[in-house]
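Because only heavy atoms are used, hydrogens play no part in the values below, and waters and symmetry mates are left out as well, while side chains stay in. Small disclaimer: the values here were computed from a predicted structure and weren't measured.
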Amino acid sequence: MVKSKAIMIGAGLSNMAAAVYLIQDGHWDGKDITFYGVDMHGANDGGATTDFTNEYWNKNHPMANTTGYVARGGRMLNYRTYVDLMDLLDRIPSVTEPGMTAAEDTRDFDAKHRTYDIARLMQSGKGIINAGKLGFNNKDRTLLTKLIMMPDSEETKLDNVSIAEYFKDDPHMFQTNFWYMWETTFAFRTQSSAQELRRYMHQMIYEFTQIEHLVGVNRTRYNQFESMILPLIKYLQGQGVTFIDNKIVKDWQFKDTPMQDEITVTGLVIEDAQTGETEEVEVDEDTAVIFTNGSITDSATMGDYNTPAPENMDYGVSASLWKKATERFYNLGTPDKFFNDRNASEWVSFTLTTKNHLFLNEIVRITTQEPGNALNSFLSTTPITPLNQKDVNMSIVVHHQPHFTTQQPNETVLWGYFLYPRRQGEFVNKPYIKMTGKEMAQELIGQLSKVDPGPGNIKDKEKEILDSIVNNIPVYMPYASALFNNRAKSDRPEVLPKHSTNLAFTGEFAEQPYQMIFTEQSAVRSGEIAAYHFAGVPMDNLVKTPRYDKDPKTLLKATKKMFD
């Protein structure tokens, strides 16, 4: 199965990681690696709105006002768990800090700007809640302990079991401070997979004891595109790797064999996003095909200050290609479990840019903490869940400034999201998904006004704040939480499927033992596995994954935290 060339379908973190490992550990020549993608952003994106200007984006994401910055989403890093990511970043130079690797750059910044969130949850009339009190009762503790202690060999007992079903006799769980923080830190929902919750509890068990302050969260110096993806692109380009964007891989050509379960890609049908013309690219016997088989930013759309982000009903380019493969072979998963239930997966984010620091200073005053420390979530005081219970309305992240290298000293950029975009706004009388950027800013000001301790209220400065906004970009992502959708273990293909001779799967929709998805760790790990397989590097060389769920001290601290 050892190959000497590779075609990468998708230009996200996992495939870029695979390319680095092929070059450095497999000793490949970079010129033998070619990327095809609709853009070179991946899900770890971020930049000025004018950066989103290739033909695919121009055609599918018209924006009336191309000013300000946008990041469709953001990921929190964790050095203790993301060991493969840090290994990868230690192999490439930073593009902003001379003489440092990308990992040294991130560690240097993080050491000087440690996270300590003191306003994790905020509620009307109460302001900052003491979220250190997780709020468990004995039934909550029993069921959560049972989930944590379930051995890996029994994980399939949670096939097609949602979190809501697992806690069906314990609705109180979803009214605890723990759930509000877990839900908004990791973007879980009650409809999400209990298998995924179990994996997170296993791999992030030590974070359980400090979730109210997020002290285990590490951050990059700038947005994750400029601090992680751009260094990867620059390094790979320097090694002679070819990047071809504005290209959509539309279909497969597979080898016909007497044994129809053999998976051998012989060609790809590729469409030009600008012209719509297609071409066939041959895949010879020396070439591996490494495919990121789904993206949380597939079918995402953008609006602007005066325009809501439109709904794009496309199934998603990468998921559509995955589905075509599953129509031919039986062991490549079930994409519909992830891409055919928007009610379980969609959310809306926004990136707000201001021309002065008035809004930033007001948020600092209300939350009593500096930028870069917080993920603030605003609890509703009115019943909004199916059980007529309160839940989180929205969450915001105020980054350390500047968040972009081209950001001006007078500019502020902050990011927020609505995990349940079809809920009704409290201050703008329409669903979040229908709001313009201006209306989302008004909703945020309203939420802040409910927790403003004074003197004076932020609502009194609403006009001045709105006048300071350069742009606020709403982004609708129908599949942002799709990787958490309720599913069976077999619904994701393995990185190296049985009977495959040259096709590997990478990213958040590929199955890996123990790894938790929606993390740069699992993305990099999948690329590393694929690269080692096709380069003939022994799997014993994979970065060793820590198992904090096997550490008695960590488990004891978690047990004590349950009873605080």
ask   = Mind checking whether Asn502 and Val283 have side chains closer than 4.5 Å, heavy atoms only?
value = yes

ask   = Do Val265 and Thr287 have side chains that get closer than 4.5 Å, going by heavy atoms?
value = no

Salt bridge [X]-[Y], side-chain N to carboxylate O under 4.0 Å:
X	Y	value
Arg199	Glu511	yes
Glu508	Arg492	no
Asp110	Arg219	no
Glu271	Lys247	no

request  = Go through the steps to decide whether Thr292 and Ser14 satisfy the test side chain to side chain donor-acceptor pair (under 3.5 Å), and finish with yes or no.
outcome  = CA-CA 7 Å; Thr292 302; Ser14 56; 3.3 Å; yes

query = Excluding sequence neighbours, so at least two apart, what forms salt bridge (charged side-chain N to carboxylate O under 4.0 Å, His left out) with Arg107?
reply = none

ask   = Between Phe509 and Phe338, does the ring centre distance come in under 6.0 Å?
value = yes

inquiry  = Between Phe404 and Tyr222 (judged by ring centroids, cut-off 6.0 Å), do the two rings come close enough to count as a pair?
reply    = no

query = Does the ring pair (Phe, Tyr, Trp, His ring centres under 6.0 Å) test come out yes or no for Phe254 and Phe329, once each step is laid out?
reply = CA-CA 10 Å; Phe254 291 108; Phe329 301 102; 4.8 Å; yes

ask   = Among pairs that include at least one residue of residues 83-111, which meet ring pair (Phe, Tyr, Trp, His ring centres under 6.0 Å), considering only residues two or more places apart or in two chains?
value = Phe109-His113, Phe109-His400

ask   = Could you give all pairs that pass the ring pair (Phe, Tyr, Trp, His ring centres under 6.0 Å) test and reach residues 262-304, with sequence neighbours left out?
value = Trp252-Phe291, Phe291-Phe505

message = Has Glu226 got a side-chain atom pairing as donor or acceptor with Gln224's backbone, closer than 3.5 angstrom?
response = no

query = Just by modelled atom types, is the Thr519 backbone N or O under 3.5 Å from a matching donor or acceptor in the Ser522 side chain?
reply = yes

Just verifying a value: how many Å separate [X] [atom1] and [Y] [atom2], rounded to the nearest 0.5 Å?
X	Y	atom1	atom2	value
Arg342	Asn485	CZ	CG	12.0 Å
Glu520	Leu89	CD	CG	9.0 Å
Ser193	Leu483	OG	CG	11.0 Å

query = Can you name the nearest heavy-atom pair linking Pro231 to Pro93, along with the distance?
reply = CB-O, 3.4 Å

inquiry  = Going by the rule ring pair (Phe, Tyr, Trp, His ring centres under 6.0 Å), which residues pair with Tyr200 if we only count those two or more places apart in sequence or in a different chain?
reply    = Phe186, Phe188, Phe484

key: With Asp32 via side chain to side chain contact (heavy atoms under 4.5 Å, CB included) - residues at least two apart   = Lys5, Asp29

message = Pair Thr101, Arg91 - check side chain to side chain contact (heavy atoms under 4.5 Å, CB included), show working.
response = CA-CA 7 Å; Thr101 66; Arg91 294 166 175 259; over 6 Å; no

ask   = Parallel, tilted or perpendicular for His202 and Tyr514, by the 30°/60° rule?
value = perpendicular

Name every donor-acceptor pair, under 3.5 Å, that has one atom in a side chain of residues 529-540 and the other anywhere in the protein, sequence neighbours excluded.
{"residue": "Tyr532", "atom": "OH", "partner": "Asp25", "partner atom": "OD2", "Å": "2.5"}

